[in-house]
Amino acid sequence: MLDATTRSGGTATAVPPATATELAAVAEFALATPTGLTARCTRVLLSPWSRLSLLVVLLAAAASGVLLFHPQRVLSDGWPPELGGAAAAAVFAVAYGLCTVAFVPRPLLNLAAGALFGSQAGLGTALAGTVLGAGVAFGLGRILGQDALRPLLRGRWLKAADGQLSRHGFRSMMVARLFPGVPFWAANYCAAVSRMGWLPFLLATALGSIPNTAAYAVAGARASAPTSPAFLIAMGFIALPALIGAVVAWRKRHHLRGH
């Protein structure tokens with residue numbers, strides 16, 4: 001049989017086989033292409049705005065779960081009889097923390113803690129749930145939302161609030177917890193976007209939440225006797241911080257506008 005050179009009249013040259021270097025380059029390109037695509041997909045999924053979108057989805061799902069399952073029914077239906085003692089307190093504390101992440105108002109949860117466990121045990125259970133919920137919200141906001149939201153802090157009030165939380169985190173969070181005015185969930189996510197550290201945030205949350213939580217727990221425990229001195233004193237402790245917080249906010253408005 002004639003080869004290619006003979007059939008073409010002796011003018012064609014044989015094509016040399018591919019060298020090892022060329023084959024290695026082709027293999028490297030073939031392997032690099034999927035890796036590059038995977039890396040790009042990973043960068044997109046882990047980008048600040050993708051993580052922020054995930055945070056929004058998680059919070060929307062949590063809020064929808066609250067609307068669907070109605071955890072406030074614990075106040076009317078009572079605690080499941082098969083749970084009692086320390087197990088009931090632990091389960092309630094975890095549920096308390098998850099409900100605060102899902103925007104359930106803490107006063108309602110504090111009243112439930114007092115009604116279910118009494119004043120002292122209700123206070124401890126509610127405080128444990130408060131710190132747990134604040135930590136979960138702070139972690140979610142810090143990991144999923146901070147990188148996307150910090151570049152948006154351009155307004156005068158936003159910059160002032162961010163500077164206050166970043167420089168004086170413990171003091172600012174103590175004030176926010178002692179004097180109700182800023183919703184619990186809003187304070188959590190604002191602190192997460194700022195540069196406040198974990199320890200000052202959690203410590204200020206635990207200490208600053210004691211007076212208000214204790215007042216609601218006592219009110220919940222004595223709700224069956226609304227004319228009792230304990231109930232009336234608890235309601236006074238609930239109203240007084242709210243009034244002081246409103247006065248402080250009114251006086252601080254000029255300071256914030258100046259920034």
Side-chain angles (χ1 to χ4, degrees), residues 42-63 93 96-106 126-213 241-242 244-259:
T42 302
R43 285 196 297 269
V44 171
L45 292 175
L46 296 180
S47 65
W49 286 104
S50 295
R51 283 180 283 149
L52 180 62
S53 300
L54 176 59
L55 176 61
V56 173
V57 170
L58 290 175
L59 295 181
Y96 184 117
L98 296 178
C99 285
T100 60
V101 176
F103 311 113
V104 175
R106 282 185 64 248
L127 281 178
T130 296
V131 176
L132 174 64
V136 172
F138 187 86
L140 288 174
R142 178 61 55 90
I143 295 171
L144 299 178
Q146 186 186 50
D147 292 341
L149 294 177
R150 279 203 65 81
L152 303 180
L153 298 178
R154 299 173 183 173
R156 184 172 53 190
W157 281 54
L158 291 176
K159 286 185 176 179
D162 176 64
Q164 185 71 17
L165 289 172
S166 299
R167 292 191 300 270
H168 310 289
F170 179 82
R171 184 176 66 188
S172 301
M173 190 52 55
M174 277 285 291
V175 171
R177 302 309 192 194
L178 284 171
F179 305 114
V182 179
F184 183 74
W185 61 268
N188 294 337
Y189 292 112
C190 288
V193 174
S194 73
R195 294 188 176 91
M196 181 187 299
W198 277 87
L199 183 59
F201 172 77
L202 294 177
L203 187 59
T205 296
L207 296 177
S209 299
I210 291 176
N212 189 262
T213 304
I244 296 176
V247 173
V248 171
W250 177 262
R251 296 184 62 182
K252 288 289 185 180
R253 75 190 192 282
H254 300 296
H255 178 72
L256 291 175
R257 287 177 180 175
H259 284 74

Practice item. Could you pull out the closest heavy-atom pair between Thr130 and Tyr96, with the gap in Å? Key: OG1-OH, 3.2 Å
**Study point:** Check: Leu58 and Leu54 side chains under 4.5 Å, non-hydrogen atoms
**Key:** yes
Practice item. Report the distance from atom CG of Leu59 to atom CH2 of Trp185, rounding to the nearest 0.5 Å. Key: 9.5 Å
Practice item. For Arg142 and Ser194, indicate whether the former's side chain and the latter's backbone hold a donor-acceptor pair under 3.5 Å. Key: yes
Point to revise | Ser50 side, atom OG; Leu55 side, atom CG - distance, nearest 0.5 Å | key: 12.5 Å
Review point. Between Gly208 and Met174, what is the shortest heavy-atom contact and its length?
Key: N-SD, 3.6 Å
Review point. What is the minimum heavy-atom distance between Val101 and Ala137, and which atoms define it?
Key: CG2-N, 4.2 Å
Check your understanding: Got a second to check how far Phe138's CZ is from Ile143's CD1, nearest 0.5 Å?
Key -> 10.0 Å
Revision key, fill the gap. CG (Asn188) and CE (Met173) are apart, to the nearest 0.5 Å, by 7.0 Å
Check your understanding: Taking atom types as modelled, is there a side-chain donor on Arg177 or Thr205 under 3.5 Å from an acceptor on the other?
Key -> yes
Exercise for review: Determine the minimum heavy-atom distance between Thr213 and Arg106, stating which atoms define it.
Suggested key: OG1-NH2, 2.7 Å
Point to revise | Between CD1 on residue Ile210 and CG on residue Leu178, distance to nearest 0.5 Å | key: 9.5 Å
Point to revise | Contact summary for Thr100 and Gly133, nearest pair of heavy atoms | key: OG1-CA, 3.4 Å
Exercise for review: Apply the test side chain to side chain contact (heavy atoms under 4.5 Å, CB included) to residues Leu199 and Phe170: give CA-CA distance (whole Å), side-chain angles for both, the deciding distance (0.1 Å), then the verdict.
Suggested key: CA-CA 9 Å; Leu199 183 59; Phe170 179 82; over 6 Å; no
Review point. So, for Ala128 and Ala93, which heavy atoms are closest and what is the spacing to 0.1 Å?
Key: CB-CB, 4.1 Å
